[in-house]
Amino acid sequence: MNQTNPPRPQPGKRKYPADDEVERILPMGQLFILGLQHVLVMYAGAVAVPLVIGGSLGLPKDQIAYLISADLFCCGIVTLLQCLGIGRFIGIRLPVIMSVTFAAVTPMVAISAMPNVGLTGIFGATIAAGLISLALVPLIGSLRPLFPTVVTGVVITAIGISISQVGIDWIAGGKGNPEYGSLRYIGVSFLVLLFILLITRFTKGFINHVSVLLGIIFGFAVAWYMGDVSLEGLGDAAWFAPITPFALGWPTFEPISIATLTVVMLITFIESMGMFLALGDIVGHPASRGDIMRGLRVDAIGTVIGGVFNSFPHTSFSQNIGLVGVTGVSSRWVCVMSGGILVVFGLFPKMAVIVASIPPFVLGGAGLVMFGMVLSTGIRILSRADYGNRYNLFIIAISIGIGMIPLGGSAFFQHFPAVLQPLLHSGILLSTISAVALNYFFNGYQAIPVQKSRPLIAAALKPEEEQS
């Protein structure tokens with residue numbers, strides 16, 4: 001007898017099935033530890049953007065510290081909004097972590113250098129771009145039929161390849177480190193990786209689920225012993241500091257800046273769509289058009305919240321999608337806990353400084369596992385593509401190759417117009433545009449049937465004989 005999963009009900013209409021892993025509420029202690037694991041994975045990326053922007057503007061140390069706290073606070077609020085949702089129209093209600101987008105860094109640095117713009121101009125452009133992109137969500141949501149299996153697989157594979165570069169930089173000590181590539185950094189990273197693999201292989205249950213967190217703790221202890229952990233600034237950080245709207249100045253609105261960040265938001269929408277498709281496949285809830293639109297609305301609303309509370313444009317964080325695949329825990333309530341932890345970190349700067357002291361190379365070994373999980377998800381989806389249609393081979397080969405250009409040739413686009421640089425340096429976006437265009441050229445426009453797949457994490461965690 002064939003068994004099918006019950007259809008996922010629309011949020012706000014009726015309850016989810018009692019056995020839905022996405023809705024499972026774990027014991028509070030487990031929720032906290034698993035939530036903290038997600039926070040540690042995304043923390044370095046979250047604080048990098050305010051550090052870069054603050055440094056480019058030459059802001060004093062106390063203002064940069066405030067930008068970091070505001071950033072963490074907003075990440076927490078927007079994560080709660082995404083995971084809990086409001087009514088039928090806001091929040092994808094899947095295990096998603098929200099953070100500021102790297103895609104906006106270069107444009108924001110350029111905006112800050114414009115005459116009479118500065119930091120308040122960035123905040124104004126962020127608010128306006130969030131509002132404009134919120135109005136454009138239905139347009140982006142209507143593009144879902146352009147993402148059949150072959151295109152979805154290419155996009156998710158491109159995400160995995162692109163973010164793997166982040167893990168590689170972590171292993172080598174982090175970008176900008178004068179000792180980048182030091183053997184001791186690489187050695188500790190692979191010790192962390194080995195530690196995680198041993199826990200994954202020889203433990204079960206909750207300990208197995210927190211293998212990444214235990215690996216980070218192990219790596220931190222090793223780095224401390226080696227003298228590579230610095231708690232500089234801990235004594236100067238306040239115990240409690242509230243985050244208030246427009247604390248660093250009232251926003252100013254400049255048309256070119258607004259247009260620039262609006263384009264950035266549209267780019268992040270495309271990337272977010274790919275991440276939602278990947279996450280939905282991992283947890284067994286394939287993302288529908290409505291799911292995508294609810295998730296993108298939070299990207300837009302979160303960007304408005306960021307501008308109001310002295311932060312920047314927000315998007316879903318792909319690093320944490322990999323963590324869901326590694327842990328096998330798909331409960332959205334884990335990420336709800338992560339949102340709460342981020343809010344606390346934003347309000348208690350001393351805690352934020354302690355977490356920020358984790359060296360990048362400690363995260364490197366864990367990153368290799370997590371980012372590779374996103375890549376493997378893309379490959380697994382590509383395995384479902386129709387290879388009887390030889391055109392699909394062209395779509396995959398060309399699109400992934402184009403997406404590799406920013407990784408393999410950093411100067412490849414140096415002679416292209418400056419206004420196109422934010423687009424051209426996103427391998428995810430290049431692969432997406434290529435795959436959509438080629439699929440439309442070869443296969444035309446095809447409606448996507450609504451399907452329910454078995455969670456990939458469930459399949460990965462069961463013995464082979466049970467999967468056959």
Side-chain angles (χ1 to χ4, degrees), residues 41 92 94-97 101-103 140-141 143-167 267-289 291-292 295-296 299 315-328 330 367-387 392-393 395-407 426-439 448 451-460:
V41 165
I92 198 170
L94 289 178
V96 177
I97 299 292
T101 174
F102 287 103
I140 303 299
L143 300 179
R144 177 65 181 95
L146 295 176
F147 289 77
T149 299
V150 64
V151 175
T152 300
V154 166
V155 172
I156 297 170
T157 301
I159 292 172
I161 293 173
S162 295
I163 64 175
S164 292
Q165 182 64 50
V166 176
I267 294 171
T268 62
F269 273 2
I270 298 297
E271 294 182 351
S272 290
M273 185 186 297
M275 294 172 198
F276 295 151
L277 292 170
L279 182 60
D281 208 86
I282 289 172
V283 303
H285 281 306
S288 66
R289 177 175 180 269
D291 293 327
I292 291 171
L296 295 181
D299 278 21
T315 188
S316 54
F317 231 41
S318 52
Q319 287 91 322
N320 294 85
I321 293 175
L323 182 57
V324 173
V326 171
T327 64
S330 56
L368 200 62
V369 179
M370 295 179 301
F371 306 158
M373 287 297 290
V374 177
L375 177 58
S376 65
T377 299
I379 294 171
R380 190 161 185 166
I381 293 173
L382 284 175
S383 70
R384 304 180 198 149
D386 177 15
Y387 291 101
N392 285 343
L393 294 174
I395 295 170
I396 295 168
I398 295 172
S399 300
I400 291 181
I402 289 176
M404 290 288 291
I405 292 175
L407 299 179
S426 171
I428 300 171
L429 183 67
L430 293 178
S431 286
T432 301
I433 293 174
S434 173
V436 169
L438 289 172
N439 180 69
I448 299 177
Q451 298 178 344
K452 195 71 173 178
S453 69
R454 183 186 184 190
L456 294 184
I457 54 175

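Residue numbers start at 1 and run along the sequence shown. Keep in mind that this is a model prediction, so the values were computed, not measured.
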Full working for side chain to side chain contact (heavy atoms under 4.5 Å, CB included) between Val150 and Ile396:
CA-CA 7 Å; Val150 64; Ile396 295 168; 3.8 Å; yes

Measuring only between side-chain heavy atoms, which start at C-beta, is [X] closer than 4.5 Å to [Y]?
{"X": "Ile282", "Y": "Ile321", "answer": "yes"}
{"X": "Leu323", "Y": "Phe317", "answer": "no"}
{"X": "Asp281", "Y": "Arg384", "answer": "yes"}

Distance from [X] atom [atom1] to [Y] atom [atom2], nearest 0.5 Å?
{"X": "Leu430", "Y": "Ile402", "atom1": "CG", "atom2": "CD1", "result": "7.5 Å"}
{"X": "Thr268", "Y": "Met273", "atom1": "OG1", "atom2": "CE", "result": "11.0 Å"}
{"X": "Leu382", "Y": "Thr157", "atom1": "CG", "atom2": "OG1", "result": "4.0 Å"}

Shortest non-hydrogen contact from [X] toward [Y]:
{"X": "Thr149", "Y": "Ala385", "result": "CG2-N, 4.0 Å"}
{"X": "Phe276", "Y": "Ala287", "result": "O-CB, 3.9 Å"}
{"X": "Ala158", "Y": "Gly427", "result": "CB-O, 4.5 Å"}
{"X": "Asp386", "Y": "Asn392", "result": "O-ND2, 2.8 Å"}
{"X": "Asp291", "Y": "Ile92", "result": "O-CG1, 3.6 Å"}
{"X": "Ile156", "Y": "Leu277", "result": "CD1-C, 3.9 Å"}

Check for a donor-acceptor pair, side chain of [X] on one end and backbone N or O of [Y] on the other, with a separation under 3.5 Å.
{"X": "Ser383", "Y": "Arg380", "value": "yes"}
{"X": "Ser431", "Y": "Ser399", "value": "yes"}
{"X": "Thr152", "Y": "Phe147", "value": "yes"}

With sequence neighbours excluded, residues passing side-chain contact (heavy atoms from CB on, under 4.5 Å) with Ser376
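Result, side-chain contact (heavy atoms from CB on, under 4.5 Å) vs Ser376: Met373.
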
Given Leu296, Thr315, Ile292, the one that forms side chain to side chain contact (heavy atoms under 4.5 Å, CB included) with Phe269:
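Only match with Phe269 under side chain to side chain contact (heavy atoms under 4.5 Å, CB included): Leu296.
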
